[in-house]
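Side-chain atoms are counted along with the backbone in the values below, which use heavy atoms only and exclude waters and symmetry mates.
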Amino acid sequence: MLSVRGRNGKKSIIWAVRTSWDTVGDGEFFCADCGGDRNYRRLTGRRRLTVLGLPLVSRGSTGPVVECAACWTQFSTDTLDRPTTTRFSAMLRDAVHTVTLAVLTAGGTSSHAVIETAVSTVRAAGFDECGEEQLTALVDALAADTGRFVTDAEPCGAALTIELHESLQPLAPHLAPAGRESILLQGARIALADGPYSPAEREVLATVGGALQLCTEDTARLLAAAARMPS
């Protein structure tokens with residue numbers, strides 16, 4: 001940009017490169033500058049050399065960028081990888097629910113203490129209407145589904161393993177280590193409600209730890225610590 005100062009002291013721009021933006025999409029995202037969920041516009045731009053305010057020469061394209069509709073800050077499109085607050089809450093709630101079902105599928109639902117702990121866990125996560133009958137029915141459906149049935153030879157069935165990874169892996173990068181550990185420990189408390197871990201429960205919880213991007217040593221340490229805590 002080139003400018004000159006006139007006799008009145010004001011600057012006049014002789015030439016500059018300006019960007020003309022076009023909206024190519026919109027939606028909702030988490031704005032880091034606003035600190036909450038906001039609407040956004042997805043923009044692509046055309047850069048032009050202007051002389052005395054008149055566009056003369058194209059200088060190529062720019063973008064795409066994401067522009068907050070509230071504060072007008074522009075971000076790279078990578079910012080859309082971060083879930084909105086609403087989406088994050090739903091992901092967290094579903095993760096706890098999936099871990100609970102996996103642990104119950106591994107350990108069974110015959111223990112009242114286990115079911116009671118499981119119901120308390122999913123209700124605390126946001127499933128206020130969930131009860132013992134609902135959880136038991138879901139576990140029975142999982143156990144009857146081919147590939148999910150838990151046996152001594154295959155403590156964590158292939159389909160159940162896939163479901164745990166699908167639920168937990170997208171969430172893990174957005175959680176602090178303490179948050180990932182908390183989900184694992186909630187599953188551990190359910191498994192321990194009727195006594196020590198069974199081999200099937202331990203295998204499922206190891207799968208949970210891996211899906212949450214916890215290393216094998218940390219997962220074993222956390223499970224051991226949970227087992228030492230008084231019930």
Side-chain angles (χ1 to χ4, degrees), residues 1-99 124-128 161-184 186 207-215 218-219:
M1 182 177 68
L2 175 65
S3 63
V4 296
R5 191 179 298 276
R7 293 181 178 179
N8 58 5
K10 293 184 178 180
K11 286 186 177 181
S12 298
I13 297 176
I14 303 299
W15 65 266
V17 176
R18 298 187 183 279
T19 303
S20 175
W21 296 103
D22 295 315
T23 300
V24 295
D26 57 23
E28 188 179 43
F29 81 131
F30 180 87
C31 177
D33 279 19
C34 293
D37 296 345
R38 299 290 186 270
N39 292 326
Y40 73 85
R41 296 190 301 159
R42 188 185 180 100
L43 307 173
T44 58
R46 292 170 293 169
R47 301 167 68 238
R48 296 179 184 275
L49 175 67
T50 63
V51 177
L52 298 176
L54 299 175
L56 295 180
V57 181
S58 174
R59 298 299 297 271
S61 60
T62 186
V65 298
V66 172
E67 183 180 84
C68 177
C71 69
W72 307 106
T73 303
Q74 292 184 347
F75 305 89
S76 71
T77 54
D78 291 344
T79 194
L80 298 180
D81 293 338
R82 178 173 181 172
T84 63
T85 303
T86 302
R87 175 59 183 153
F88 178 78
S89 297
M91 292 170 67
L92 187 59
R93 182 183 67 237
D94 292 344
V96 173
H97 189 260
T98 302
V99 170
F127 289 95
D128 299 334
T161 298
I162 292 172
E163 189 161 338
L164 283 170
H165 281 275
E166 287 180 345
S167 177
L168 300 177
Q169 281 185 329
L171 176 65
H174 306 291
L175 286 173
R180 287 181 271 136
E181 292 176 0
S182 174
I183 294 176
L184 175 65
Q186 289 181 69
T207 301
V208 170
L212 287 169
Q213 299 180 3
L214 296 170
C215 69
D218 284 346
T219 298

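To the nearest 0.5 Å, atoms CZ (R180) and CD (Q213) are separated by 6.0 Å. Distance check, rounded to the nearest 0.5 Å: CG of D33 to CZ of R38 gives 10.5 Å. Distance check, rounded to the nearest 0.5 Å: CD of E181 to CG of L212 gives 10.0 Å. Note that CH2 of W21 and CD of E67 are 8.0 Å apart. Values are rounded to the nearest 0.5 Å. Between atom OH of residue Y40 and atom OG1 of residue T77 there is a gap of 10.0 Å, rounded to the nearest 0.5 Å. The CG atom of L171 sits 10.5 Å away from the OG1 atom of T98 when rounded to the nearest 0.5 Å.
Both the sub-6.0 Å distance and the 45° axial angle are satisfied by R93 relative to the ring of F127.
Within a 6.0 Å radius of CZ in R82, other residues, nucleotides and ligands contribute 12 heavy atoms or fewer.
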Exercise. Show your working on side-chain contact (heavy atoms from CB on, under 4.5 Å) between V65 and R42 and close with a plain yes or no.
Key: CA-CA 6 Å; V65 298; R42 188 185 180 100; over 6 Å; no
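When side chains are defined from C-beta on, L175 counts as touching F88, because their heavy atoms get closer than 4.5 Å. At least one side-chain heavy atom of C31 sits less than 4.5 Å from a side-chain heavy atom of F75. Between N39 and D26, every side-chain heavy-atom pair lies at or beyond the 4.5 Å cut-off. Taking the side chain as every heavy atom from C-beta outward, V99 and L168 approach each other to under 4.5 Å. Between R46 and T62, the closest side-chain pair of non-hydrogen atoms is not below 4.5 Å. Using a 4.5 Å heavy-atom threshold, the side chains of H165 and T161 count as touching. Between L43 and D22, the closest side-chain pair of non-hydrogen atoms is not below 4.5 Å. Contact check for L80 versus V66: side-chain heavy atoms found under the 4.5 Å cut-off.
Of all the heavy atoms in T85 and F30, the pair that sits closest is OG1-CD1, 3.6 Å. In terms of heavy atoms, C34 sits closest to A70 at SG-CB, 4.2 Å. Contact record, L164 with A211: O-CB, 4.1 Å, taken as the closest heavy-atom pair. Nearest heavy atom pair, residue P64 against residue T44, reads CB-CG2, 4.0 Å.
S182 places no side-chain N or O within donor-acceptor distance of the main-chain N or O of A178, the cut-off being under 3.5 Å.
Defined by atom type and a distance below 3.5 Å, a donor-acceptor pair is present between the side-chain atoms of T23 and R41. Looking at D94 and S167, their side chains never bring a donor and an acceptor atom within 3.5 Å of each other.
Remark: R87 does not engage D37 in a salt bridge, criterion side-chain N to carboxylate O under 4.0 Å.
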